[in-house]
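When a residue number appears, it is its place in the shown sequence, counting from 1.
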Amino acid sequence: MPMSRAPLALLLAATACSGQSQQSNAAALTTNDSSAPVASAAPTPTAPPVTTLPDDAPDATVKNVAATTGRANTTETAPPFAMTTLGQFEDPFAIAMLPDGAALITEKAGKIKLRKADGTISQITGAPKVEFDNQGGLLDIELAPDFATSKLVYISYSEPRPGGSSLALARGLFTGTALANVKVLWRAGADGVGGQFGANIAFAPDGKSLFLSSGERQRFTPAQDPEQAIGKIVHLTLDGQAAPGNPMASAGGVRAQTWSSGHRNPYGLAFAADGKLWEVEMGPKGGDELNLILPGKNYGWPIVSNGDNYSGKPIPDHPSRPDLEAPKLWWNPSISPGGMIFYTGAMFPEFRGNLFIGALGGEALIRVTLSGDTAKVATQYKIGERVRDVAQAPDGAIWLLEDSGKLVRLAKK
């Protein structure tokens, strides 16, 4: 995700905690293949762009109370799957499974690839321009809830802006060979430098609205600013407006869009069968979190974390501020979580109702069992590659997208 020059501590943070591969091109722009301009329904932010990044979280204002429960680090085991490589991609980020067993794959440089059920791979034209640098580029991709009839696809990406970049959400029509009539629906604003875009899209169970994770761009304090859309999970209509029923719906602006706040770099969003929304996010040096997302709650970043700054400067643990929502599980040392799914497939009936979390730094696939509001790590499977995204295929197989570029299918042995 994009960032310009910053202090060494921030560069280390971008690499280690976000688990992103570094790119050699500084703020390279990749244009789309379509001759038609990308339409915009989203307002253009007017705040001055952010040009510098802080080194550390703010000084603590409370005495540290150590976290003693919820630590999820566990011993790795060998994966019990038959693993087959399905294709090779360049800097891939996300998978969207199509009903026929094909898949759309985003590459951060700004390309969408189609891997057909017969194994052939082609490029889908019409992707929007992106700012491709370090953590930025073309990011998540999801099919609309009514895709079978509408053929609409949603994408999130770092949009090049005059003063840097911004997280953007867009929608386009999938024709089989192109993404047509692409329109920007929403922008985070707060243009400028910094990685950690978050950018994960999850549709509400009723299919009438969507949730989008918006990372704090390595800027720390905006995650606590109700007037900024970064460091938040926003709840939007399918057209990118503030969803009715949001905690601050009557307030207007960013407040009306906000579902939860105090997030660092949320990379995974998934609804469980009971309608609960689960989120996994990267902490700083340690302190990765699995959170149960509740409306109006503040999840504490950067005031509290079960990790510390990369400089070694401590941050109070979550119990230091019991008024802020604590994670259900946390990892220290970091696993650098990537994408996440709630499994419902037929191939592994024993895993139905479990979360599967990809781990970048941990090079693993982590299975978590759920019981209402509680979560427990069941197994950490050693993959040996950085797992960027996880998807469930129509046949119930689990697909992994690795930072090495490989697309891998996990099936019954």
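Side-chain contact check for Trp331 versus Arg71: every heavy-atom pair is 4.5 Å or farther apart. With contacts defined as side-chain heavy-atom distances shorter than 4.5 Å, the pair Leu400/Leu407 does not qualify. Residues Leu98 and Leu114 have side chains in contact (heavy-atom distance under 4.5 Å, counting atoms from C-beta outward). When side chains are defined from C-beta on, Ser165 counts as touching Arg217, because their heavy atoms get closer than 4.5 Å. In this structure, the side chains of Thr237 and Pro244 come closer than 4.5 Å at one or more pairs of heavy atoms. Two residues are said to be in side-chain contact when any heavy atoms from C-beta on lie closer than 4.5 Å; Ile121 and Phe89 meet this criterion. For the pair Ile383 and Met83, the minimum side-chain heavy-atom distance is below 4.5 Å. You'll find the side chain of Ile357 stays beyond 4.5 Å of the side chain of Val390, heavy atoms only.
No more than 12 heavy atoms of other residues, nucleotides or ligands shown are found within 6.0 angstrom of NZ on Lys382. Within 6.0 Å of CD in Glu90 there are 12 or fewer heavy atoms belonging to other residues, nucleotides or ligands.
In this structure, Lys297 is not positioned above the aromatic face of Tyr299 in the sense of NZ or CZ being under 6.0 Å from the six-membered ring centre and within 45° of the axis. Geometric assessment of Arg264 against the ring of Trp301 yields a positive cation-pi assignment under the 6.0 Å and 45° thresholds.
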Report task. Please step through salt bridge (charged side-chain N to carboxylate O under 4.0 Å, His left out) for the pair Glu159 and Arg187, ending with a clear verdict. Result -> CA-CA 9 Å; Glu159 182 185 36; Arg187 291 185 176 95; 2.6 Å; yes
**Report entry** salt bridge (charged side-chain N to carboxylate O under 4.0 Å, His left out) between Asp308 and Lys285, intermediate numbers included
**Finding:** CA-CA 5 Å; Asp308 293 310; Lys285 186 178 180 182; over 6 Å; no
Query raised in the report: How far apart are the C-alpha atoms of Lys328 and Trp278, what are their side-chain angles, what is the distance that settles it, and do they pass the side-chain contact (heavy atoms from CB on, under 4.5 Å) test?
Result: CA-CA 10 Å; Lys328 299 300 182 181; Trp278 293 86; 3.7 Å; yes
Report task. Report the C-alpha separation of Asp100 and Lys116 in whole Å, then their side-chain angles, then the decisive distance to 0.1 Å, and conclude whether the salt bridge (charged side-chain N to carboxylate O under 4.0 Å, His left out) test is met. Result -> CA-CA 9 Å; Asp100 64 355; Lys116 295 182 180 178; over 6 Å; no
Report task. For the pair Asp55 and Lys313, evaluate salt bridge (charged side-chain N to carboxylate O under 4.0 Å, His left out) and give the outcome as yes or no after the intermediate values. Result -> CA-CA 10 Å; Asp55 290 308; Lys313 177 183 174 181; over 6 Å; no
Report task. Could you go through the side-chain contact (heavy atoms from CB on, under 4.5 Å) check for Leu269 and Ile233 one step at a time? Result -> CA-CA 10 Å; Leu269 283 178; Ile233 292 173; 3.9 Å; yes
Query - Val304 and Asp317: CA distance, side-chain angles, deciding distance, side-chain contact (heavy atoms from CB on, under 4.5 Å) verdict - result: CA-CA 5 Å; Val304 289; Asp317 286 6; over 6 Å; no
Report task. Step by step, work out the side-chain contact (heavy atoms from CB on, under 4.5 Å) result for Thr344 and Gln392. Result -> CA-CA 8 Å; Thr344 60; Gln392 179 184 306; 3.1 Å; yes
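Ring to ring, Phe211 and Phe271 are close: their centroids are under 6.0 angstrom apart. Residues Phe197 and Tyr157 keep their aromatic ring centres 6.0 Å or farther apart. Ring centroids of Tyr267 and Phe93 are separated by less than 6.0 Å, placing the two rings close together.
When every heavy atom of Leu294 is checked against every heavy atom of Ser260, the shortest pair comes out as O-CB, 4.0 Å. Taking every heavy atom of both residues into account, Ile315 and Pro284 meet most closely at CD1-CG, 4.2 Å. Between Ala272 and Leu370, the shortest heavy-atom distance links the atoms CB-CD1, 4.2 Å. Nearest approach of Asn306 to Pro327, heavy atoms of both residues: ND2-CG, 4.2 Å. Closest heavy-atom contact between Ala190 and Ile230: CB-CD1, 4.2 Å. Here the closest non-hydrogen pair linking Arg171 and Leu238 is NH1-O, 2.9 Å.
Looking only at distances, no side-chain donor or acceptor of Asn181 sits under 3.5 Å from a matching main-chain atom of Leu173. For Ser371 (side chain) and Thr374 (main-chain N/O), no donor-acceptor pair under 3.5 Å exists by modelled atom type. Proximity of a side-chain donor or acceptor of Ser158 to a complementary backbone N or O of Val130 within less than 3.5 Å is not detected. In this structure, the side chain of Gln228 does not engage the main chain of Pro222 through any donor-acceptor pair within 3.5 Å. A donor-acceptor contact shorter than 3.5 Å links the side chain of Asn73 to the backbone of Asn332. Checked by atom type and distance alone, the side chain of Gln88 pairs as donor or acceptor with a backbone atom of Ser404 at under 3.5 Å. For the pair Asn246 (side chain) and Ala256 (backbone), a donor-acceptor distance under 3.5 Å is present. For Ser334 (side chain) and Ser336 (main-chain N/O), no donor-acceptor pair under 3.5 Å exists by modelled atom type.
With sequence neighbours left out, Lys376 forms a salt bridge (charged side-chain N to carboxylate O under 4.0 Å, His left out) with no residue at all. Residues forming a side-chain hydrogen bond (donor to acceptor under 3.5 Å, both in side chains) with Asn309 (at least two apart in sequence, or on another chain): none.
Here Arg388 does not pair with Glu402 in a salt bridge; the nearest charged N to carboxylate O distance is not below 4.0 Å. Checked for salt-bridge contact, Asp206 and Lys208 miss the test: no charged N lies under 4.0 Å from a carboxylate O. Under 4.0 Å is where a charged nitrogen must lie from a carboxylate oxygen, and between Lys232 and Glu227 no such pair does.
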Report, one line per pair, each donor and acceptor closer than 3.5 Å where one atom sits in a side chain of residues 138-146; sequence neighbours left out.
residue	atom	partner	partner atom	Å
Asp140	OD2	Asn200	ND2	3.3
Asp140	OD2	Ile201	N	2.8
Asp146	OD1	Ser150	OG	2.8

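Using a 3.5 Å distance cut-off with no hydrogens or angles, the side chains of Gln224 and Asn298 do pair a donor with an acceptor. Residues Arg409 and Thr84 have side chains that never bring a donor and an acceptor to within less than 3.5 angstrom of each other. A side-chain donor-acceptor contact under 3.5 Å links Asn291 and Glu279. Using a 3.5 Å distance cut-off with no hydrogens or angles, the side chains of Gln241 and Trp186 do not pair a donor with an acceptor. Remark: the Ser305 side chain and the His318 side chain contain no N/O donor-acceptor pair separated by less than 3.5 Å.
Once rounded to the nearest 0.5 Å, the distance linking CD1 of Ile303 with CZ of Arg321 reads 5.0 Å. Put simply, CD1 on Ile398 and CZ on Arg367 are 9.5 Å apart, with the number rounded to the nearest 0.5 Å. Rounding to the nearest 0.5 angstrom, the gap separating the CD atom in Glu76 from the CG atom in Leu365 is 11.0 Å. We find the CG-OG distance between Asp239 and Ser209 to be 11.5 Å, quoted to the nearest 0.5 Å.
Under the ring-ring contact (aromatic ring centres under 6.0 Å, His included) rule, Phe81 has a single partner from Phe348, Phe356, Trp399, which is Phe348.
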